[in-house]
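Structure, as structure tokens:
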Amino acid sequence: MKPQPSPLRKRRVHSWPVRICHWINLLAMIGMVMSGWGIYNADPLFAFTFPQNTTLGGWLGGNIAWHLAVMWLLAANALFYVLWGMFSGHFHRDFLPFSPRSVWRDTVRALTFKLPHKPGKYNAVQKLMYSGVLLLGVLLLLSGLSIWKPVQFSGLVWLFGGFDIARYVHFFAMSGVMLFVIIHVLMVVLVPKTFVAMLTGGKKISTEESADE
């Protein structure tokens, strides 16, 4: 007797851990950026400061207090997401593989508005961006620890080339995250249904369908 094919397994476009971590991360990043701008204004690295009404905390002590408080929320959320992403296969399934050729191909498609959108399928540009922002997150963590506790983490400070260099690394890593957010929001505007999917999880898709090119 001919064996019957196994039924296709269904899954949401975005599972509940991804959605919860996404929205917690959004709130935490807003708090981190606004309080971080206030800290930056107290000792600017460049010849500009951020408007006071875009900062969080009111004064340097308040900026630091907010930054450290929100840091723990962001750290807990990131730890949960990284562990879940590793053990659930989310990172391997959705962020890999990609290559310079595939990134270039999908970049050209996106710029010419010919890049197809498949629910549950990340294109090469998205894979590069999501992988890159995770690495930026590691840089933010390490440079932030160096700035926060330069004596206790003197080894980290040395690896960064000094306290001042660690501050520049922290600033540019955060700028990279902000650039990611801007591009991310732009892509949501171009494909509005992705916003709904991040709220509801989207329609269920088969694992076979999500893996198709």
Within the distance-only criterion (no hydrogens, no angle test), does the side chain of [X] pair as donor or acceptor with the backbone N or O of [Y] below 3.5 angstrom?
{"X": "Asn63", "Y": "Leu56", "answer": "yes"}
{"X": "Tyr40", "Y": "Phe46", "answer": "yes"}
{"X": "Ser131", "Y": "Leu128", "answer": "no"}
{"X": "His67", "Y": "Ser35", "answer": "no"}
{"X": "Asn77", "Y": "Cys21", "answer": "yes"}
{"X": "Ser154", "Y": "Pro150", "answer": "no"}

Q: Kindly work out whether a path of hydrophobic side-chain contacts (I/L/V/M/F/W/Y, heavy atoms less than 4.5 Å apart) joins Leu45 to Phe163.
A: no
Q: Write down the atom of Thr49, the atom of Pro44, and the distance for their closest heavy-atom approach.
A: CG2-CG, 3.7 Å
Q | Closest heavy-atom pair and its distance - Ala166, Ile147 | A |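 Heavy-atom minimum between the residues: O-CD1, 3.8 Å.
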Q) Does anything in residues 142-163 pair up under salt bridge (charged side-chain N to carboxylate O under 4.0 Å, His left out), and if so which pairs, sequence neighbours excluded? A) none
**Q.** Pairs involving residues 152-177, ordered by first then second residue, that meet salt bridge (charged side-chain N to carboxylate O under 4.0 Å, His left out) (sequence neighbours left out)
**A.**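 Passing the test, one end in residues 152-177: Asp43-Arg167.
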Q. Looking at the rings of Phe98 and Tyr130, which for Trp means the six-membered one, are their centres under 6.0 Å apart?
A.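 They do not qualify: ring centres at least 6.0 Å apart.
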Q) Does Phe160 have its ring centroid less than 6.0 Å away from the ring centroid of Phe153? A)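 For Phe160 and Phe153, the ring centres are not under 6.0 Å apart.
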Using a 3.5 Å cut-off and no angle test, enumerate the donor-acceptor pairs between side-chain atoms of residues 174-188 and protein atoms at least two apart in sequence or in another chain.
residue: Ser175; atom: OG; partner: Phe171; partner atom: O; Å: 2.9

Q: Count the heavy atoms belonging to other residues, nucleotides or ligands that lie under 6.0 Å from CZ of Phe87, then report whether that count exceeds 12.
A: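 Result for CZ/Phe87: open.
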Q) CH2/Trp66 to CE/Met34 distance, rounded to the nearest 0.5 angstrom? A)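 CE of Met34 is found 9.5 Å from CH2 of Trp66.
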Q: Output the distance between atom CG (Asn25) and atom CG (Leu73), rounded to the nearest 0.5 Å.
A: 9.0 Å
Q: For side chain to side chain contact (heavy atoms under 4.5 Å, CB included), just list the numbers for Trp104 and Val108, CA-CA rounded to whole Å, side-chain angles, deciding distance to a tenth of an Å, and then say yes or no.
A: CA-CA 6 Å; Trp104 173 252; Val108 172; 3.7 Å; yes
Q) Between the side chains of Ser143 and Ser146, is a donor N or O closer than 3.5 angstrom to an acceptor N or O? A)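 Side-chain D/A pair, Ser143 to Ser146: absent.
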